[in-house]
Amino acid sequence: MSKNILIKNNSILIVGGTGFIGSHIVKEALIRGLQVAVISKNHKPLSDRLKGVEYLCVDISQKDKLHNELKDKQFQYVVNLGGYVNHSNYSSGGDKVFDVHFNGAKNLINFLNKDVLKSFIQIGSSDEYGINSAPQNENQREAPISPYSFAKTATTQFLQMLYRTEQFPVVILRPFLVYGPGQGMDRFIPQVINGCIEGKEFPTSEGLQLRDFCFISDFVDSIFSSIGNTQAFGEVINIASGEPISIKEVVMKIQRIVDSGSPQFGNSSYRKGENMKLYANIKKAKTLLNWQPKISLEDGLKKTIKVIRNISDER
């Protein structure tokens, strides 16, 4: 990744900085010489904390507690990964999902010191596109199909309104499927890798969905290409490989690299309402951010498999 010397020594707040993507951003921010603070909902064990990082434990949807944490702090840059992926219906916990994502972002905006804030990077979701036709592009109207994707969409609209009316320095990145070392074992690619390493039979859907996978280092690079990028303020920008591949092909590719495992295609159902063709047009990222992915899916999978295999061997 290219290093941007212009942001060195400034302070950055990474909301959700102990999660998969957040942890990678924290490490890169330290390499770039930034003063790093992290917000997470749960306490990070002392043994897992990185030197030079300030850890704040607070639920961003809890207004008063968040205000107490932020009232005396100043950050030039904020990256908001707050919340969690959850595709529940509204009646099955969706209200809480909306609260964390939308009200959490709104609380952050309310309590940040905007006199010193130079850039706010909001991490959206490809799920905001819903059933839009592929390749999805940023000019399509969002069509959310869950409280999670609706909350992401509402937050996008809210932040763009703030940019139009108050010149709030926001860039909204809309990642497709980010993967790589350190991702939770409950996610698609780690699950398949683990099943193959263990030589198991494991259920998958028929796998005809077309998807777009982005390796973690490429996604982190897009974030640092966005910070302080005034050309991108107020914009929604897809971050992805731009290359569609079927879920079945991904599973078979993993199986071939690992040389083990027995996926049972068709033994899992498709998610209700899911778009069978969800892959990105990334022209805008190339133009506004001067960004494009560097890691192929093959190389990214090999890097991820190596890490998961090492973890498996240590058990």
Side-chain angles (χ1 to χ4, degrees), residues 20 85-89 92 94 124-150 152-153 174-180 183-216 218-219 238-283 285 293 295-305 308:
F20 162 52
V85 179
N86 184 310
H87 299 295
S88 298
N89 291 329
S92 305
S125 170
S126 58
D127 272 2
E128 294 174 61
Y129 286 116
I131 57 171
N132 272 294
S133 59
Q136 282 76 20
N137 71 79
E138 299 88 347
N139 292 325
Q140 291 173 322
R141 183 178 176 181
E142 295 88 347
I145 59 169
S146 67
Y148 167 74
S149 53
F150 173 68
K152 286 291 192 183
T153 299
R174 188 171 280 168
F176 280 60
L177 293 174
V178 181
Y179 73 100
Q183 190 172 25
M185 295 305 294
D186 60 333
R187 308 300 294 166
F188 167 64
I189 283 181
Q191 273 189 336
V192 174
I193 291 172
N194 198 50
C196 287
I197 287 173
E198 294 183 357
K200 289 180 175 179
E201 289 188 357
F202 55 90
T204 76
S205 69
E206 195 175 349
L208 300 182
Q209 314 98 305
L210 292 179
R211 292 294 181 262
D212 193 334
F213 293 86
C214 183
F215 191 65
I216 182 63
D218 283 331
F219 185 64
N238 288 340
I239 304 296
S241 72
E243 298 179 1
I245 184 169
S246 74
I247 291 294
K248 186 171 186 175
E249 286 178 90
V250 175
V251 173
M252 292 176 71
K253 198 179 278 278
I254 292 169
Q255 184 187 28
R256 179 180 55 77
I257 296 170
V258 175
D259 195 24
S260 182
S262 182
Q264 306 296 297
F265 293 106
N267 280 12
S268 290
S269 302
Y270 292 124
R271 181 157 56 95
K272 186 177 180 180
E274 77 173 298
N275 192 334
M276 293 296 287
K277 296 180 180 180
L278 192 60
Y279 55 91
N281 178 319
I282 59 171
K283 289 179 182 176
I295 307 296
S296 69
L297 180 60
E298 182 87 6
D299 288 344
L301 288 174
K302 285 178 179 177
K303 290 173 187 285
T304 309
I305 288 166
I308 293 177

[atom2] on [Y] to [atom1] on [X], rounded to 0.5 Å:
X	Y	atom1	atom2	value
K200	N194	NZ	CG	6.5 Å
R271	S205	CZ	OG	11.5 Å
K152	S149	NZ	OG	10.5 Å
Q209	N275	CD	CG	10.0 Å
R256	M252	CZ	CE	10.0 Å
K302	L297	NZ	CG	11.0 Å

Strictly distance-based, threshold 3.5 Å: is any side-chain N or O of [X] a donor or acceptor partner for the main-chain N or O of [Y]?
X	Y	value
D212	A240	no
E274	Y270	no
E201	S262	no
E138	N238	yes
E142	F150	no
D127	I145	no

Identify the two heavy atoms, one from [X] and one from [Y], that lie closest to each other, and give their separation to 0.1 Å.
X	Y	result
I216	G180	CG2-CA, 4.1 Å
N267	P203	CB-CB, 3.7 Å
I239	C214	CG2-SG, 4.2 Å
G207	S246	O-CB, 3.6 Å
S133	Q140	O-NE2, 3.0 Å
A280	P135	C-CB, 4.0 Å

Could you check whether any side-chain heavy atom of [X] comes within less than 4.5 Å of a side-chain heavy atom of [Y], counting everything from C-beta outward?
X	Y	answer
F213	I189	yes
F176	Q136	yes
F188	V251	yes
V192	V250	no
P263	I254	no

Check whether Y129 forms a cation-pi arrangement with R174 (NZ or CZ under 6.0 Å from the six-membered ring centre, at most 45° off the ring normal).
yes

Take the angle between the ring planes of F215 and Y179 and call it parallel below 30°, perpendicular above 60°, tilted in between.
perpendicular

Under the side-chain contact (heavy atoms from CB on, under 4.5 Å) test, which residues partner K283, sequence neighbours left out?
N281

Please identify each residue that fulfils side-chain contact (heavy atoms from CB on, under 4.5 Å) with P190, with sequence neighbours left out.
Q183, M185, R187, I308

Crowding at CG, L208 (>12 non-hydrogen neighbours, <6.0 Å):
yes

